[in-house]
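Working notes for the structure below.
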Number of protein chains: 2
Amino acid sequence: MTMSNTGGRRKPPTIHDVAREAGVSRGTVSRVLNGGHYVSPSAAEAVNSAIRKTGYVVNRHARSLITGRSDSIGFLLTEPQEKLFEDPNFNVLLRGCTQALASHDIPLLLMLAGTEDERRRLTRYITAGHVDGVLLVSSHSADPVAEELREAGVPLVQCGKPMGRGSKVSYVAADDRDGARDMVRHLLSLGRRRIGVVTGPLDSPGGVDRLAGYKEVLTEAGIEIDERLIVSGDYGRASGQAGAEQLLARVPDMDAVFVASDLMAQGALTALRRAGRRVPEDVSLGGFDDSAAATEATPALTTIRQPYDRISNEMVRVLLAQIGGEDPAAVILPTELVRREST
Amino acid sequence: MTMSNTGGRRKPPTIHDVAREAGVSRGTVSRVLNGGHYVSPSAAEAVNSAIRKTGYVVNRHARSLITGRSDSIGFLLTEPQEKLFEDPNFNVLLRGCTQALASHDIPLLLMLAGTEDERRRLTRYITAGHVDGVLLVSSHSADPVAEELREAGVPLVQCGKPMGRGSKVSYVAADDRDGARDMVRHLLSLGRRRIGVVTGPLDSPGGVDRLAGYKEVLTEAGIEIDERLIVSGDYGRASGQAGAEQLLARVPDMDAVFVASDLMAQGALTALRRAGRRVPEDVSLGGFDDSAAATEATPALTTIRQPYDRISNEMVRVLLAQIGGEDPAAVILPTELVRREST
DNA sequence: TTCTCTACTGTGAACGCTCACAGACGCAGT
DNA sequence: ACTGCGTCTGTGAGCGTTCACAGTAGAGAA
């Protein structure tokens with residue numbers, strides 16, 4: 001009584017089979033499948049049990065062919081992927097997007113556009129309508145791909161604030177400026193006054209905004225901005241170490257550092273330790289991201305938590321809305337100060 | 001003279017448009033698209049330039065509808081995803097598979113089956129023929145999903161050796177036994193004789209094989225197996241720490257440990273340090289995986305490199321072969337000893 | 001010439017679905 | 001009775017491809 005059916009895929013049932021089984025027409029089955037309006041309760045019941053009995057699953061290709069939708073979306077990465085894949089936050093984002101989409105029964109296509117060739121290939125693929133929309137993760141905040149897709153009319157949501165001010169592309173981002181403000185305020189509340197900063201890349205809005213928040217709070221507190229206490233990095237561990245070394249050389253009695261990423265903060269930790277500074281006794285150290293690096297470091301890093309789980313949900317929500325015809329939207333989500341051992 | 005076309009996706013050209021442009025029939029265009037046999041050079045040239053001119057991209061839905069293939073494959077994760085996504089090796093694998101598939105112009109669908117519901121939904125999706133095959137990553141080495149898909153006749157390649165001996169499912173794995181042998185031989189060559197081992201889970205082939213390699217080499221070297229020197233872990237950091245503590249308690253003069261994952265080795269490092277042992281002076285420590293954890297640890301870990309870049313390529317190769325009608329295959333790839341500071 | 005073979009090309013039909021339309025039915029208002 | 005309306009249902013057409021088949025042209029053999 002087993003139906004092992006080992007090997008050789010059997011032809012799946014079609015909407016026709018279901019219709020015959022339920023004693024109705026294709027049209028009625030289709031109506032039940034898509035919302036179920038204008039169909040009598042008895043017919044709906046018959047169709048549903050026929051679906052269960054036959055194990056019917058809609059053929060998305062046939063559906064897409066006529067609707068023009070593909071009911072799938074692309075998760076596009078346009079940058080050096082080694083770096084990104086190492087970033088725990090990126091992984092949270094990818095996982096979150098996949099799950100958020102899954103709850104809408106929409107598959108996610110992973111697209112990596114490292115080289116120029118791949119970029120071209122994927123742009124073609126996307127503009128040909130093989131996905132309904134794109135979730136874009138790009139470290140370049142003024143990515144040409146974003147503009148190209150937008151011009152082609154492809155619904156698009158970017159992770160992080162894009163650089164171009166005028167460009168009408170949707171995005172979801174954490175509130176970098178406010179996060180930085182919280183951190184610097186926290187350092188001030190500890191009695192620190194000579195607070196250094198290692199910024200992110202200053203050609204990205206994230207880098208700029210975090211620095212702006214730092215400056216604002218100090219100015220509000222009546223502390224003059226000391227340019228010797230400002231160095232810029234690239235979010236990578238090495239640049240954090242170099243940055244902290246530079247700061248210490250310039251201002252040996254610095255009593256706190258705000259480092260614009262946890263990875264850089266790890267590097268800064270190494271530099272501080274080598275220079276004989278104790279953290280947090282001599283120097284308070286604040287990071288940004290609340291990545292795995294923050295808890296793995298010793299001492300564990302006080303940092304600013306970016307709500308990547310919410311970011312992914314919002315990206316999906318905004319994208320689906322845009323696919324549904326709504327206008328592009330910008331969403332900025334609040335950050336949260338997470339206190340640990342480094343301050 | 002710009003054709004900005006902002007917003008509103010234009011209807012893409014069809015094979016019909018190309019045919020008209022080239023002055024040939026649909027059939028000829030289709031033949032050019034699929035291999036180009038039985039088509040005259042002049043016609044092929046005309047079609048190709050028409051394709052370039054119109055910017056034609058094949059509609060995969062229409063193609064799939066008739067061929068029955070979907071020309072896409074699924075990357076299925078059946079286990080606690082938080083853990084896996086943290087694993088750098090997993091990320092290499094995902095990236096490698098995506099790229100290997102991209103070179104065949106095949107999109108990868110990311111599928112996460114954490115809950116029972118998702119598992120059912122995805123099984124339906126897969127068996128309905130929405131993907132041509134599945135790359136499966138599962139920590140359970142005897143995953144019921146694997147068996148279910150195999151029975152449904154879905155081409156499938158698993159990452160890592162599956163548990164069931166008889167089951168005819170394709171897999172690609174590193175040579176765990178041989179890697180373990182290399183490591184233990186290395187420890188012996190350093191003059192170590194009281195070598196402990198923290199194994200992986202012993203209900204998985206990887207865990208079993210690494211322990212087997214350890215035992216083999218010791219036996220070959222004429223050293224008796226001491227059960228007090230064997231504890232088992234679960235590949236996680238915490239279990240490595242606990243394992244090393246247990247070993248030290250049982251055999252205080254242990255002079256080396258082979259730990260079956262780098263993450264566990266990090267934990268073991270902490271335990272050894274707390275117990276006042278210097279690494280590598282007092283105790284040589286060998287890991288497994290060559291993950292990021294290995295280089296981040298201080299001292300950097302000597303470990304066994306699993307060739308995840310090659311594994312991903314092989315998984316794709318074997319899967320495509322199987323889709324093409326070939327029989328399931330098992331591929332075992334050689335590992336490599338990477339010497340760093342911990343031995 | 002005629003026949004055969006090879007190389008090439010065009011033409012329905014079909015894949016499984018949705019959509020627009022037309023029709024049927026019951027019920028209320030005129 | 002007729003008309004109108006809202007609810008429900010079936011039918012044909014068509015989405016863009018590939019595939020099988022039929023057909024043409026030219027070359028070479030008989």
Side-chain angles (χ1 to χ4, degrees), chain A residues 9-48 50-51 54-72 105 124-125 127-132, chain B residues 9-48 50-51 54-72 105 124-125 127-132:
Chain A
R9 294 170 94 156
R10 181 162 310 182
K11 231 182 169 187
T14 76
I15 204 173
H16 239 109
D17 301 325
V18 176
R20 185 158 13 88
E21 180 71 33
V24 298
S25 70
R26 282 161 23 237
T28 302
V29 177
S30 178
R31 276 183 287 265
V32 171
L33 253 37
N34 309 295
H37 280 304
Y38 283 91
V39 37
S40 68
S42 64
E45 176 47 40
V47 168
N48 280 321
I51 287 176
T54 55
Y56 171 76
V57 178
V58 64
N59 181 326
R60 300 168 91 107
H61 300 304
R63 173 183 285 173
S64 294
L65 189 54
I66 185 156
T67 61
R69 286 173 290 126
S70 73
D71 291 319
S72 68
D105 209 41
R124 283 211 144 200
Y125 185 88
T127 52
H130 290 308
V131 292
D132 296 338
Chain B
R9 296 169 92 158
R10 183 161 305 183
K11 230 180 170 191
T14 75
I15 204 172
H16 239 109
D17 302 324
V18 175
R20 187 160 11 88
E21 179 71 35
V24 297
S25 72
R26 286 162 19 240
T28 301
V29 176
S30 178
R31 276 183 286 265
V32 171
L33 254 36
N34 309 294
H37 280 303
Y38 281 91
V39 35
S40 69
S42 64
E45 176 46 41
V47 167
N48 279 321
I51 288 176
T54 54
Y56 170 77
V57 178
V58 64
N59 182 325
R60 299 169 91 107
H61 300 304
R63 172 182 287 174
S64 294
L65 189 53
I66 185 153
T67 60
R69 285 173 291 127
S70 72
D71 291 318
S72 68
D105 209 42
R124 281 211 146 202
Y125 185 89
T127 50
H130 290 306
V131 292
D132 296 338

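Only this structure's heavy atoms are used, side chains among them; waters, hydrogens and symmetry mates stay out. Quick note on labels: first sequence line is chain A, next is B, and so on, each numbered from 1.
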Please write out the pairs of protein N or O atoms and N or O atoms of nucleotides 7-10 of chain D separated by less than 3.5 Å, giving the distance to one decimal.
residue: D:dT9; atom: OP1; partner: A:Ser40; partner atom: OG; Å: 2.6
residue: D:dT9; atom: OP2; partner: A:Ser40; partner atom: N; Å: 2.9
residue: D:dG10; atom: OP2; partner: A:Ser25; partner atom: N; Å: 2.8
residue: D:dG10; atom: OP2; partner: A:Ser25; partner atom: OG; Å: 2.9
residue: D:dG10; atom: OP2; partner: A:Thr28; partner atom: OG1; Å: 2.8
residue: D:dG10; atom: N7; partner: A:Arg31; partner atom: NH2; Å: 3.1
residue: D:dG10; atom: O6; partner: A:Arg31; partner atom: NH1; Å: 3.2

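When the P atom of C:dA14 is taken as reference, atom CD1 of B:Ile15 falls 19 Å away, rounded to whole Å. With rounding to whole Å, A:His130 atom NE2 is found 9 Å from D:dT17 atom P. Following rounding to the nearest Å, B:Arg20 (CZ) and C:dT9 (P) show an atom-to-atom distance of 19 Å. Atom-to-atom, CG of A:Leu33 to C1' of C:dC19 comes out at 14 Å; the value is rounded to the nearest Å.
Listed by chain and residue number, nothing satisfies the side chain to side chain donor-acceptor pair (under 3.5 Å) test with A:Thr54 (two or more places apart in sequence, or in another chain). Scanning for salt bridge (charged side-chain N to carboxylate O under 4.0 Å, His left out) contacts around A:Arg20 gives A:Asp17, with sequence neighbours left out. The side chain to side chain donor-acceptor pair (under 3.5 Å) search around A:Ser30 returns A:Asn34, not counting sequence neighbours. With sequence neighbours left out, B:Tyr125 forms a ring pair (Phe, Tyr, Trp, His ring centres under 6.0 Å) with B:His130. A:Ser72 is linked by a side-chain contact (heavy atoms from CB on, under 4.5 Å) to A:Ser70, A:Pro107, A:Leu109, A:Val131, counting only residues two or more places apart in sequence or in another chain. A search for side-chain contact (heavy atoms from CB on, under 4.5 Å) contacts involving A:Ala46 returns A:Ala22, not counting sequence neighbours. With sequence neighbours excluded, no residue forms a side chain to side chain donor-acceptor pair (under 3.5 Å) with B:Thr67. Scanning for side-chain contact (heavy atoms from CB on, under 4.5 Å) contacts around A:Leu65 gives B:Asn59, B:Ala62, B:Leu65, with sequence neighbours left out. For A:Asp71, the side-chain contact (heavy atoms from CB on, under 4.5 Å) partners two or more places apart in sequence, or in a different chain, are A:Arg60, A:Arg63, A:Arg69, A:Asp132.
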Residue pair B:Leu33, B:Ile15: steps toward the side chain to side chain contact (heavy atoms under 4.5 Å, CB included) verdict: CA-CA 10 Å; B:Leu33 254 36; B:Ile15 204 172; 4.3 Å; yes
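Across the helix from C:dT1-D:dA30 to C:dT30-D:dA1, the helix axis at one end is tilted relative to the axis at the other end by 60° (nearest 10 degrees, each axis from five pairs).
Distances shown here put a side-chain N or O of A:Ser30 below 4.0 Å from the OP1 or OP2 atom of C:dT18.
Within a heavy-atom distance below 4.0 Å of DNA chain C, the residues of residues 56-70 of chain B found are B:Leu65, B:Ile66.
Here NE2 of A:His16 is found 5.5 Å from CZ of A:Arg26. Values are rounded to the nearest 0.5 Å.
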